Amino acid sequence: MMHLVTGATGQIGSELLPALAEVYGADHVIAVGHRREPAADMPVAAYCSLDIRDQAALKKIVAKHRIACIYHLAALLSAVAEARPQLAWDINMNGLFNVLEVAREHQCAVFFPSSIGAFGPNTPKIDTPQDTLQRPSTVYGISKVAGELLCDYYQRRYGVDARGLRFPGLISYRTPPGGGTTDYAVEIFAAALQNRRYQCFLKADTQLDMMYMPDAIAAIIQLMQANPSELQHHNAFNITAMSFTPEQLAAEIRKHIPDFNIDYRIDPIRQGIADSWPAHMDDQAARKEWGWQPRYDLPAMVSDMLLHMR
Ligand code: NAD
C-alpha cells in the first residue's frame, strides 16, 4: 500500500515521512513538495515537486505510484494566510478539492489536518465540544471549516475514506514552523538557549492548546489505521495534549535555564487570531473512538525540546 504526503517538506511533513517509512517501509512513501526538496537522507521511494492547485499533475503522480492514502498537508498557515487571504483561499481550498477529486477517482483514503483555527470567537473556549458552533473570523479558519465539511461531503456522497484531526499548536525542533499563531512556543526554545531571553508576540496570559510533534505524528498514523466501524466522526477530531500560556511555558523553561527572561511585544494581528481560538478542547471523541492518548505533557515536552536543541 503506497502513501503520499503533500506539503512534505513542512513542519509536519518532514516528521511524518520518516514515521511512515518506519511503519510501512521507505519504498511505500512518496513525498510531494513544492519549492523545497526534502533532506537527501529522507527515507522515501520518490520525491515529486508540484503545485497542489494543479489537479492534472497530482492525478499523474497518484496513478503512476498507485497511491492508496494521501496525507494532505500542503496549505498556508494562519498568520501567513491573514497576510495573503486570496492566495490562502486558492491554495487551501483548491488544493483540498483537487486531493479529494483525485482520491475519488483513484479510491484513495485521505488525511486532512484541520486546526483549532476552525473555531471562532463565539465557540466555547473551555472544554470546547467536538460538535459545536464554528464561525471562525480568519480566512485560515474559514478554509479549515470548509475543508472539514468538504471531507464529510466526499465521504457521504462518494465513499472517500476522508479522516482528519483538529490540531492545536504543534511544537517541534526539526523544521521551523510555517507562519502560524502558535509559533512563539517553538521560537522560544532557540531564544532561551542562545540569548537567555525571548520577546513574545502574544500576551502573557494567552492560553492555547498545544501538542509535541511525536504525539501529532502518532495520532495521524493511529487515526488512519483505526477500524472504520469504530469511528462515528471520521473527520475533524478535536485532539490536544496540553494547554498553556506564554507565561507558564517560560516558567517551565526557567526550571532548566534559571536566568531565562521573557518580555512581551504584542502583534495585534496574531493576538487577534489567538483570542478567537479555544483555550482547551474536549478530545473525548478521539479518546473513545480510536484510543487517542498523548504521551507528552508540558514538563515532558520542555525537557525533550531542550535536550534535542542543545
Ligand atoms: P508548513 O507551512 O510547515 O508546511 C506546509 C507546506 O505546504 C510547505 O512545505 C509548503 O511548501 C507547502 N505548500 C504551500 N503552498 C503550496 C502549493 N501551492 N503547492 C504545494 N505545496 C504547497 O505547515 P505544517 O505546519 O507542516 O502544516 C501542515 C498542515 O497542518 C496544514 O494544513 C496546517 O494548516 C495544519 N496544521 C498545522 C499546525 C501546526 O501547528 N503546525 C496546527 C494545526 C494544523
Side-chain angles (χ1 to χ4, degrees), residues 4-17 19 31-39 42 47-55 57-58 61 70-84 86-99 110-119 136 138-148 150-151 164-187 208-213 215-217 219-220 223 236-242 270 273-274 277-278 281 301:
L4 179 147
V5 179
T6 74
T9 59
Q11 189 192 6
I12 302 179
S14 60
E15 305 221 21
L16 181 60
L17 290 177
V32 170
H34 188 210
R35 299 217 168 102
R36 277 178 296 172
E37 295 216 347
M42 193 57 89
Y47 168 73
C48 317
S49 177
L50 158 86
D51 188 317
I52 198 63
R53 291 169 291 178
D54 184 346
Q55 191 186 119
L58 178 65
I61 296 170
I70 304 175
Y71 303 79
H72 175 47
L73 306 181
L76 295 195
L77 269 65
S78 57
V80 180
E82 253 354 74
R84 306 182 74 185
Q86 293 79 7
L87 181 66
W89 184 258
D90 194 17
I91 293 174
N92 293 8
M93 287 322 304
N94 289 324
L96 176 62
F97 176 74
N98 290 341
V99 166
V110 172
F111 173 78
F112 171 66
S114 188
S115 158
I116 47 174
F119 296 114
T138 62
V139 71
Y140 177 72
I142 297 167
S143 76
K144 288 300 185 191
V145 177
E148 291 179 1
L150 204 56
C151 286
L165 303 168
R166 289 183 186 132
F167 279 130
L170 299 181
I171 300 164
S172 67
Y173 54 85
R174 286 216 174 97
T175 304
T181 302
T182 51
D183 289 7
Y184 89 84
V186 177
E187 294 168 1
L208 291 169
D209 278 308
M210 299 277 180
M211 184 179 295
Y212 196 33
M213 190 61 86
D215 277 333
I217 299 298
I220 295 173
L223 172 63
F237 281 97
N238 285 0
I239 53 165
T240 185
M242 57 191 99
R270 283 181 286 188
I273 297 175
W277 288 357
M281 286 184 283
M301 178 275 288

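Keep in mind it's a predicted model, so treat the numbers as computed, not measured. Read the numbers this way: they start at 1 and go in the same order the structure lists the ligands and their atoms. FYI, side chains are in, hydrogens and waters are out, and symmetry mates aren't considered; it's all heavy atoms of this structure.
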Inset, instruction - List the steps and the verdict of salt bridge (Lys or Arg N to Asp or Glu O under 4.0 Å) for Arg166 and Glu148. - result: CA-CA 9 Å; Arg166 289 183 186 132; Glu148 291 179 1; 2.8 Å; yes
Which residue owns the protein heavy atom closest to [atom], what's the atom, and how far is it?
atom	value
atom 37 (C) of ligand 1	Ile12 CD1, 3.9 Å
atom 7 (O) of ligand 1	Ala74 CA, 3.3 Å
atom 28 (C) of ligand 1	Leu73 O, 3.2 Å
atom 44 (C) of ligand 1	Ser114 O, 3.3 Å
atom 14 (C) of ligand 1	Ala75 O, 4.0 Å
atom 2 (O) of ligand 1	Gly178 CA, 3.4 Å
atom 4 (O) of ligand 1	Gly10 CA, 3.4 Å

Inset, instruction - Just go through Met210, His72, His34 and tell me whose heavy atom is the nearest to atom 21 (N) of ligand 1. - result: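 Nearest heavy atom to atom 21 (N) of ligand 1 lies in His34.
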Legend entry - Selection from Pro177, Ala216, Ser172, Pro168 by shortest heavy-atom distance to atom 42 (C) of ligand 1: Pro168
Can you confirm, on distance only, whether ligand 1 has an N/O atom lying under 3.5 Å from any N/O atom belonging to [X]?
X	value
Ile52	yes
Gln11	yes
Asp51	yes
Leu77	no

Shortest non-hydrogen contact from [X] to [Y]?
X	Y	value
Gly178	Leu77	O-CB, 4.1 Å
Cys151	Phe112	SG-CB, 3.7 Å
Gln11	Thr175	CG-O, 3.5 Å
Trp277	Gly117	NE1-CA, 3.2 Å
Leu150	Met93	CD2-CE, 4.3 Å
Ala219	Ile239	CB-CD1, 3.8 Å

Flag, side chain of [X] to backbone of [Y], donor-acceptor distance under 3.5 Å:
X	Y	answer
Asp51	Asp54	no
Asn94	Ile91	no
Asn98	Ile52	yes

Answer side chain, backbone, both or neither: which part of [X] comes under 4.0 Å from ligand 1, heavy atoms only.
X	result
Leu170	both
Ala8	neither
Val32	neither

Closer than 4.0 Å to some heavy atom of [X] - which atoms of ligand 1 meet that?
X	answer
Arg36	9 (O)
Phe167	42 (C), 43 (C), 44 (C)
Lys144	31 (C), 32 (O), 33 (C), 34 (O)
Gly7	6 (C), 7 (O)
Thr9	9 (O)

Legend entry - 4.5 Å side-chain heavy-atom contact, Val99 and Val110: yes
Inset, instruction - Work out whether the distance between some heavy atom of Tyr140 and some atom of ligand 1 is less than 4.0 Å. - result: yes
Legend entry - Close approach of Leu50 to ligand 1, heavy atoms, under 4.0 angstrom: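 Flag set, Leu50 near ligand 1.
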Inset, instruction - Kindly assign one of parallel, tilted or perpendicular to the pair Tyr173 and Tyr212, based on the angle between their ring planes and the thresholds 30° and 60°. - result: tilted
Inset, instruction - Could you tell me whether atom 17 (C) of ligand 1 has a protein heavy atom closer than 4.0 Å? - result: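 Given the 4.0 Å cut-off, atom 17 (C) of ligand 1 counts as touching protein heavy atoms.
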Legend entry - Any donor-acceptor N or O pair under 3.5 Å, side chains Thr9, Ser14: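 Ser14 and Thr9 do not have a side-chain donor-acceptor pair below 3.5 Å.
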Inset, instruction - List the steps, then state whether side chain to side chain contact (heavy atoms under 4.5 Å, CB included) holds for Phe167 with Asn238. - result: CA-CA 7 Å; Phe167 279 130; Asn238 285 0; over 6 Å; no
